[in-house]
Amino acid sequence: MSEGNKSLNFIEHIVEEDLANGYPKKQLRFRFPPEPNGYLHIGHASSICLNFGLGLRYNAPVNLRFDDTNPVKEEKEYVDAIKSDVEWLGYEWDIECYASDYFQQLYDWAILLIKQGKAYVDSQTSEEMAKQKGTPTEPGVNSPFRDRSVEENLELFQGMKQGDFPEGSHVLRAKIDMSASNMLMRDPLMYRVLHKAHHRTDTDWCIYPMYDWTHGESDYIEQVSHSLCTLEFASHRELYDWFLDQVVDPKKVRPKQREFARRNLSHTVVSKRKLLQLVENNMVNGWDDPRMPTISGLRRRGYTPESIRNFADTVGIAKRENLVDVSLLEFHVREHLNKIAPRVMGVLNPIKVVITNYPEGNTEWLKAENNPEDEAAGSREVPFSRELYIEQEDFKEEANRKFFRLKLGGEVRLKNAYIIKAESCSKDAQGNITEIQCTYDPKSKSGSGTEESLRKVKGTLHWVSVPHALSAEVRLYDRLFTDESPDTHKDKDFMDFINPDSLRIITGFLEPGLKDAKIGERFQFQRLGYFTVDPDSTPGKLVFNRTVPLRDTWAKIQEK
RNA sequence: UGGCCUAUGGUGUAAUUGGCAACACAGCUGGUUUUGGUCCAGUCGUUCUAGGUUCGAGUCCUAGUAGGCCAACCA
């Protein structure tokens, strides 16, 4: 992880300031608090990197806490997925915690508040309470149940807990101030009745605590020093502090909530609710579809944990609205894969080349470097024969000097092999080119050291021997949305911007050595991009996902 | 109509806390290259507006403008 003398973000400045003011470094503790109601996405990765990065920087523990107070939406499946995502990103949490572990303590504290006259049972409908709540510009009015006796409150609250009342009949509210300018302080709900089984406490509880009552107290129970959350919780801070005030022991650590802006990524949505919508409407094939900005989707797409961490690190953290361009994410995955991915040859859009002066039936095994960025990666052998596939885009009958590829009468180097010259081509009835006839220079073999082999020819093409080619399914992914910020249009739904061509499935022809490729292995298909073996692969049929194409300056030249 | 938050190149973040506005990405030029990749060199371009304090303001003050958040028995 990159630390050292890098400049600090504003959260680190806050910690540094606390330390400078005498805050004991030993008391530093952070937490990552996901709700297990969906899969983690790239935005969570930023939060994970922030919290665990702080833990690493200050050698402080970081808890993984599941904020599981709503059994209606939460499931164990999500808990397991979240744990494996955090681990995959390369982080180790100190304690695995659950807000549900604190239900009894929270309940006991609630009794205390009732006894102190700071909480009461309200027996109105949610509509009635909403009406009394007022608006941001008008104060609310007190509930008619606000002044129930402590005894009555205690009895009702116990009844709620035991399941004596139906859902919606009663709630427990904190007695604060119905005219507060902060709407959250207008007697916020602490508990609601819910006759639902919880993934951990089963049917033990018929009441469940609300977020505001739970979160700060959980931080306090765990003795978290700095509780970091996103900007929309800024106005919750006042309530966070009020709830803490009711229970805090001055001898213990008092957690401090601070807020940062969530990261938005261009050409996608970063919201569990919207991602769930994509899954449920079958716009993608599940949470780990490689087009999804989820951690599991990026993993399946071929991203490395390092690349995601580096991305989070360079993007940084601040308090203003933002829209990070995906090209930055793509830069980081290319940067890492360039160093570690073995190079191979694969043709995705084939056209046949026949080398007319090459002996029929002959096969030569040619040496090919595995990674020019890493000498230790060694080399392998690839078969060469009379009939080859090259990319259709790499041949034109006629072209100008800017086209460094194969054209009639022109020469080109076949990577790791020979220099060939295009002599003629055949076409079908529609005029489509079906085959290119070439001749090769037998003395130009790569690495042979001959004068001919050292000749400079402008273009180098990748290729695959037709009789040896391994065919595989190749999934080409593009951005999921055509708009850079699909969910910020007032008049349009984000679903209107779905890219209809976000997935193209083709058959590719690969060098035969790839037949033993394992799921999750990553390769650079030379001149094309980075690809990884998808879990859908079977022993007889490989499936490759394109992680990201190589930078393509030729495409830019062509645009002009 | 109220409260809170934010404003620095196209994008994202810095600025020793009042002292020459920098880093990365993207863009553009060139060089190297058996990947039009990588790598190398260069280049473009920034403090929302108006006042004020100060020898000096991105930073402090005032006013304005723009954007975001806040009225779920969600988190």
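All chains are named by letter (A, B, ...) in the order of the sequence lines, taking the proteins before the strands, and each is independently numbered beginning at 1.
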Participant: How far does the C1' atom of B/C25 sit from the matching atom of B/U62, given to the nearest Å?
Facilitator: 38 Å
Participant: For A/Arg262, is the CZ atom crowded, meaning more than 12 foreign heavy atoms sit under 6.0 Å from it?
Facilitator: no
Participant: Could one point to a donor on the side chain of A/Glu369 or the base of B/U34 with an acceptor on the other under 3.5 Å away?
Facilitator: no
Participant: Report the distance from atom NE2 of A/His236 to atom CD of A/Glu259, rounding to the nearest 0.5 Å.
Facilitator: 10.0 Å
Participant: Using whole Å, report how far NE2 of A/His267 lies from C1' of B/C25.
Facilitator: 14 Å
Participant: Verify whether the ring centers belonging to A/Phe233 and A/Tyr211 lie closer than 6.0 Å.
Facilitator: yes
Participant: Hey, does A/Lys196 reach any base, or is it just sugar-phosphate, or nothing, if we go heavy atoms under 4.0 Å?
Facilitator: nothing
Participant: Encode nucleotides 67-75 of chain B as B, S and - characters from 5' to 3', where the letter depends on protein heavy atoms closer than 4.0 Å: B to the base, S only to sugar-phosphate, - to neither.
Facilitator: -SSSB-BBB
Participant: Run the salt bridge (Lys or Arg N to Asp or Glu O under 4.0 Å) test on A/Lys445 and A/Glu364 for me, step by step, so that the C-alpha distance in whole Å, both residues' side-chain angles and the decisive distance to 0.1 Å come before the verdict.
Facilitator: CA-CA 11 Å; A/Lys445 185 168 155 183; A/Glu364 251 185 292; 3.4 Å; yes
Participant: Taking only the P atom of each, what is the distance from B/U32 to B/G37 in whole angstrom?
Facilitator: 13 Å
Participant: Please convert RNA chain B into dot-bracket. A pair counts if it is Watson-Crick or G-U wobble with both distances under 3.5 Å; crossing pairs go in [ ] and bases paired with another strand get |.
Facilitator: .((((((..((((.....[..)))).(((((.......)))))....(((((..]....))))))))))).....
Participant: Using the purine O4'-C1'-N9-C4 or pyrimidine O4'-C1'-N1-C2 torsion, is B/U54 syn (within 90° of 0) or anti?
Facilitator: anti
Participant: Supply the atom-to-atom distance A/Cys97 SG to A/Leu64 CG, rounded to the nearest 0.5 angstrom.
Facilitator: 7.5 Å
Participant: Mapping A/Leu8 and A/Asp325 onto RNA chain B by nearest heavy atom, which one lands closer to the 5' end?
Facilitator: A/Asp325
Participant: Please classify the nucleic acid contact of A/Gly447 as base, sugar-phosphate, or nothing, using heavy-atom distances under 4.0 Å.
Facilitator: base
Participant: What's the CG-P distance between A/Leu461 and B/G37, to the nearest Å?
Facilitator: 15 Å
Participant: Take atom CZ of A/Phe260 and atom P of B/U6, then tell me their distance rounded to the nearest Å.
Facilitator: 15 Å
Participant: Provide, to the nearest angstrom, the distance between the CD atom belonging to A/Gln257 and the C1' atom belonging to B/C5.
Facilitator: 13 Å
Participant: Within this structure, what is the CG-CZ distance for the pair A/Leu510 and A/Phe531, rounded to the nearest 0.5 Å?
Facilitator: 9.0 Å
Participant: Which part of the nucleic acid, if any, lies within contact of A/Ala234, taking any heavy atom under 4.0 Å across all strands shown: a base, the sugar-phosphate backbone alone, or nothing?
Facilitator: nothing
Participant: Just to be sure I understand the rule, does A/Arg405 reach a base, reach only the sugar-phosphate, or reach nothing, if contact means heavy atoms closer than 4.0 Å?
Facilitator: base
Participant: Could you state the CG-P distance from A/Asn264 to B/U6, rounded to the nearest angstrom?
Facilitator: 18 Å
Participant: Which value, in whole Å, describes the distance between the P atoms of nucleotides B/A22 and B/G36?
Facilitator: 36 Å
Participant: Please work out if A/Tyr530 contacts a base, only the sugar-phosphate, or nothing of the nucleic acid, heavy-atom cut-off 4.0 Å.
Facilitator: nothing
Participant: Roughly how far apart, to the nearest Å, are B/U6 and B/A14 at atom P?
Facilitator: 13 Å
Participant: To the nearest Å, give me how far apart NZ (A/Lys458) and P (B/U35) are.
Facilitator: 10 Å
Participant: Base, sugar-phosphate or nothing for A/Lys272? Non-hydrogen atoms, less than 4.0 Å.
Facilitator: nothing
Participant: Tell me whether the guanidinium CZ or amine NZ of A/Lys161 lies under 6.0 angstrom from the six-membered ring centre of A/Tyr107 and within 45° of its axis.
Facilitator: yes
Participant: More than 12 non-hydrogen atoms from neighbouring residues, nucleotides or ligands closer than 6.0 Å to NZ on A/Lys421, yes or no?
Facilitator: no
Participant: When you measure only distances, ignoring hydrogens and angles, does the side chain of A/Arg527 come within 3.5 Å of the base of B/G36 through a donor and an acceptor?
Facilitator: no
Participant: Would you kindly compare A/Trp554 and A/Phe10 by the position of their nearest RNA chain B nucleotide and give the one closer to the 5′ end?
Facilitator: A/Phe10
Participant: So A/Leu528, base contact, sugar-phosphate only, or nothing? Heavy-atom distance under 4.0 Å.
Facilitator: nothing
Participant: As a test of reading the structure: which of B/G12, B/C25, B/G36 is closest to the side chain of A/Ser327, going by heavy atoms?
Facilitator: B/C25
Participant: State whether the number of non-hydrogen atoms from other residues, nucleotides or ligands found under 6.0 Å of A/Lys76 atom NZ is greater than 12.
Facilitator: no
Participant: Quick one, which residues of residues 328-343 of chain A touch RNA chain B with a heavy atom under 4.0 Å?
Facilitator: A/Leu328, A/Phe331, A/Asn338, A/Arg343
Participant: Test A/His332 against every option in A/Thr314, A/Asp313, A/Asn310 by the side-chain hydrogen bond (donor to acceptor under 3.5 Å, both in side chains) rule and name the one that passes.
Facilitator: A/Thr314
Participant: Give A/Lys319 one of three labels, base, sugar-phosphate or nothing, depending on what nucleic acid heavy atoms sit under 4.0 Å from its own.
Facilitator: sugar-phosphate
Participant: May I ask you to evaluate whether A/Arg263 reaches the phosphate of B/G12, defined as a side-chain N or O under 4.0 Å from OP1 or OP2?
Facilitator: no
Participant: Please test A/Ser218 against A/Arg31 for side-chain hydrogen bond (donor to acceptor under 3.5 Å, both in side chains), starting from the C-alpha separation and ending with a verdict.
Facilitator: CA-CA 10 Å; A/Ser218 300; A/Arg31 111 263 93 117; over 6 Å; no
Participant: Which part of the nucleic acid, if any, lies within reach of A/His13 when heavy atoms closer than 4.0 Å are counted: base, sugar-phosphate only, or nothing?
Facilitator: base
Participant: Test A/Arg65 against every option in A/Glu35, A/Glu217, A/Glu222 by the salt bridge (charged side-chain N to carboxylate O under 4.0 Å, His left out) rule and name the one that passes.
Facilitator: A/Glu222
Participant: Please state how far atom CG in A/Asn9 lies from atom C1' in B/A24, giving the value in whole angstrom units.
Facilitator: 16 Å
Participant: Taking the six-membered ring where the residue is Trp, are the ring centres of A/Tyr98 and A/Phe66 under 6.0 Å apart?
Facilitator: yes
Participant: Would you give the length of the straight line joining atom CG of A/Asn182 to atom CD1 of A/Ile176, rounded to the nearest 0.5 angstrom?
Facilitator: 9.0 Å
Participant: Side chain of A/Arg413, heavy atoms from C-beta onward: which of B/U13, B/G36, B/U34 has the nearest atom to it?
Facilitator: B/U34
Participant: Using atom CG of A/Asp177 as one end and atom C1' of B/G2 as the other, report the distance to the nearest whole Å.
Facilitator: 14 Å
Participant: Is the phosphate of B/U13, meaning OP1 or OP2, less than 4.0 Å from a side-chain N or O of A/Thr314?
Facilitator: no
Participant: In whole Å, measure the gap between the P atoms of B/U1 and B/G64 for me.
Facilitator: 12 Å
